[in-house]
Amino acid sequence: MVKKILTWGGIAFLLFFIAYRPDSAADVFQSLGTTVADIGQGLGDFVTSLIA
């Protein structure tokens with residue numbers, strides 16, 4: 001029950017954040033995307049180093 005409440009609360013907060021602060025929300029998602037891309041690049045470099 002608590003997990004369900006926290007999940008819906010998180011979704012509501014996310015929608016509120018996007019609706020009232022779209023520029024800040026875009027910056028947050030862009031930085032998250034950059035972080036995920038950097039992690040992927042690092043893993044790719046690691047695997048390439050293992051194979052080479």
Side-chain angles (χ1 to χ4, degrees):
M1 182 67 175
V2 173
K3 183 179 177 183
K4 192 174 186 178
I5 291 171
L6 290 176
T7 300
W8 283 109
I11 291 170
F13 175 75
L14 182 63
L15 291 175
F16 175 82
F17 186 59
I18 291 171
Y20 287 100
R21 303 230 184 243
D23 292 334
S24 297
D27 290 340
V28 168
F29 282 105
Q30 185 177 12
S31 68
L32 287 174
T34 301
T35 301
V36 170
D38 289 343
I39 290 170
Q41 182 67 40
L43 285 172
D45 291 344
F46 173 72
V47 171
T48 300
S49 296
L50 285 177
I51 294 171

To the nearest 0.5 Å, tell me how far [X] [atom1] sits from [Y] [atom2].
X   : Y   : atom1 : atom2 : result
I18 : D23 : CD1   : CG    : 12.5 Å
T34 : F29 : OG1   : CZ    : 13.0 Å
D38 : L43 : CG    : CG    : 11.0 Å

Closest non-hydrogen atom pair, A25 against F17: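 Between these two residues, the closest heavy atoms are CA-CE2, 3.4 Å.
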Quick one: do M1 and W8 end up in the same hydrophobic cluster if we chain Ile, Leu, Val, Met, Phe, Trp and Tyr together by side-chain heavy atoms under 4.5 Å apart?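 They do not share one cluster, since no chain of ILVMFWY contacts under 4.5 Å joins M1 to W8.
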